[in-house]
Number of protein chains: 2
Amino acid sequence: MSGYDIKQFAAGSIGHFWKESYGQIYPTLRLLQKEGLAIPEEEKNNGERLRRVFRITTKGKTEVENWLKDQPRPEPARSELLLKLFFGYQVSPQESVRHIEAFRQTMQAQLQEYQQIEKQLEKNLSHHPGFPYWIMTLQFGKYRALAYLQWCDVSLDLLSKNNPKDSKLENATKNSNQQQSTKQEG
Amino acid sequence: MSGYDIKQFAAGSIGHFWKESYGQIYPTLRLLQKEGLAIPEEEKNNGERLRRVFRITTKGKTEVENWLKDQPRPEPARSELLLKLFFGYQVSPQESVRHIEAFRQTMQAQLQEYQQIEKQLEKNLSHHPGFPYWIMTLQFGKYRALAYLQWCDVSLDLLSKNNPKDSKLENATKNSNQQQSTKQEG
DNA sequence: ATGAGCATGTAACTGGTTACATGATTTA
DNA sequence: TAAATCATGTAACCAGTTACATGCTCAT
């Protein structure tokens, strides 16, 4: 693939749990070449656009396999949302409510996206050997999104109990599209 | 607080979703001082150890409040676990099973830790205005851990169906402490 | 012709970790 | 007396993003 291809592929497949920028991809491609893990194909320059396509070497493949077997590093825990909620008592509770509601919407959107991708996958690639693995990564996102949605509900509840002044007002005033049930099929 | 204090406090409170290193803390403290957001107290040097204690200014406090109100940035999505699982079909399925089992253990440990912290909090700080906010951040971790545990179960199931050769062998051979039920009270 | 998309890349910067250097005090 | 912990900090490095520069091609 070319650097551009890699970016496109990543965005359309692993995009919901991994992103790469060109500033990372192009220099890395050079590095892989220098280390003999990838080789450039003959540049298809004749008439067409310049495209620097790389191909993985056998050395590169074994390197990938070893990397796949290595224990993955844990995700660095850094949630700005939780950080702001932790100190939320220092400002009005509405501020925390706002954060959680925004987060809730993001999760709801994510969940729907996952469900759509899953349908597409099932329709088009259910016989690919990668299929169960791809489904797993999607399920991961779905389980997480559902859990977060539930958490949003109990947290909003907790905050409104803690700050009963606006709870009636808010319910009457707002277009309550966050009042939807969280219960869904896994 | 001093830089050391901040590190200690962070580890013991927001530690499960935010970490800071000295390499970050000490230079930042200087920066805050230069910007008038924090001022150093008189150094308690007399007889005792050198301690550079800082205090927040009123300007600093309003800055904090504004920051608390600002929408938190979304967490950068980068899961090495999912990345390795996504390409898992390129190596033996046992490799993916290993990753998931390791992850499962981590989540189980995390869940227990959260539950312990929650008990401690309830015992000692249930009347602090911050209490509901701190509970919320803990609940976040609990909901997530439970969801991940469920995901581990269905994923291990999926992989063993997909690769039925070892499923019987494995079940008989291993000390199956991962066979525990995931069902727990939220 | 104008803008979207194809395609390459670099430079500056930001955020953050790790390793190191130093030395006092407390505890086993 | 050895190790843990208190306490300060810096330098080097690593990972990663953002903004920029360039220019072609294709569809409207």
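Note on naming: letters A, B, ... go to the chains in the order of the sequence lines (proteins, then strands), and numbering restarts at 1 for each one.
If you take CE of B:M1 and P of D:dT8, they are 13 Å apart, rounded to a whole angstrom. Spacing between atom CH2 of B:W18 and atom P of C:dG15 amounts to 11 Å, rounded to whole angstrom units. The nearest whole Å value for the distance from the CD atom in A:E41 to the P atom in C:dT8 is 12 Å. Atom CZ of B:R51 is separated from atom C1' of C:dT25 by 14 Å (rounded to the nearest Å). Here D:dT8 presents its P atom at 11 Å from CZ of B:R30, a figure rounded to the nearest Å. B:I25 places its CD1 atom 14 Å from the C1' atom of C:dT18, with the value rounded to the nearest Å. Put simply, NZ on B:K7 is 15 Å from P on D:dG9, counting in whole angstrom units.
Where B:R73 and B:Y22 meet DNA chain C, the nucleotide closest to each residue was compared, and B:R73 sits on the side nearer the 5' end.
Out of C:dT8, C:dG15, D:dA7, the shortest distance to the side chain of B:Q24 is found at C:dG15. With distances taken from any side-chain atom of A:Q8 to the nucleotides C:dG9, C:dC6, D:dT8, the minimum falls on C:dC6. Taking only side-chain atoms of A:Y4, from C-beta outward, the nucleotide of D:dT8, C:dG9, C:dA7 with the closest atom is C:dA7. Looking at the side chain of B:R52, the nearest of the listed nucleotides D:dT8, C:dT10, D:dT10 is D:dT8. Picking from C:dT10, C:dT17, D:dG9 the nucleotide with the shortest atom distance to the side chain of B:S21 gives C:dT17.
At D:dG16, one or more side-chain N or O atoms of B:R78 fall inside 4.0 Å of OP1 or OP2 (strictly under the cut-off).
When only modelled atom types and interatomic distance are considered, A:Q110 and A:Y114 share a side-chain donor-acceptor pair under 3.5 Å.
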**OP:** List the steps and the verdict of side-chain contact (heavy atoms from CB on, under 4.5 Å) for B:M136 and A:F86.
**Re:** CA-CA 8 Å; B:M136 272 187 343; A:F86 188 92; over 6 Å; no
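Classification of B:R98 and B:E95 as a salt-bridged pair holds, one side-chain N sitting under 4.0 Å from a carboxylate O.
Ring orientation note: the planes of A:W134 and B:Y89 are nearly perpendicular, at an angle over 60° on the 30°/60° scale. B:F103 and B:W151 have perpendicular rings, their planes meeting at more than 60° on a 0 to 90° scale where under 30° would count as parallel.
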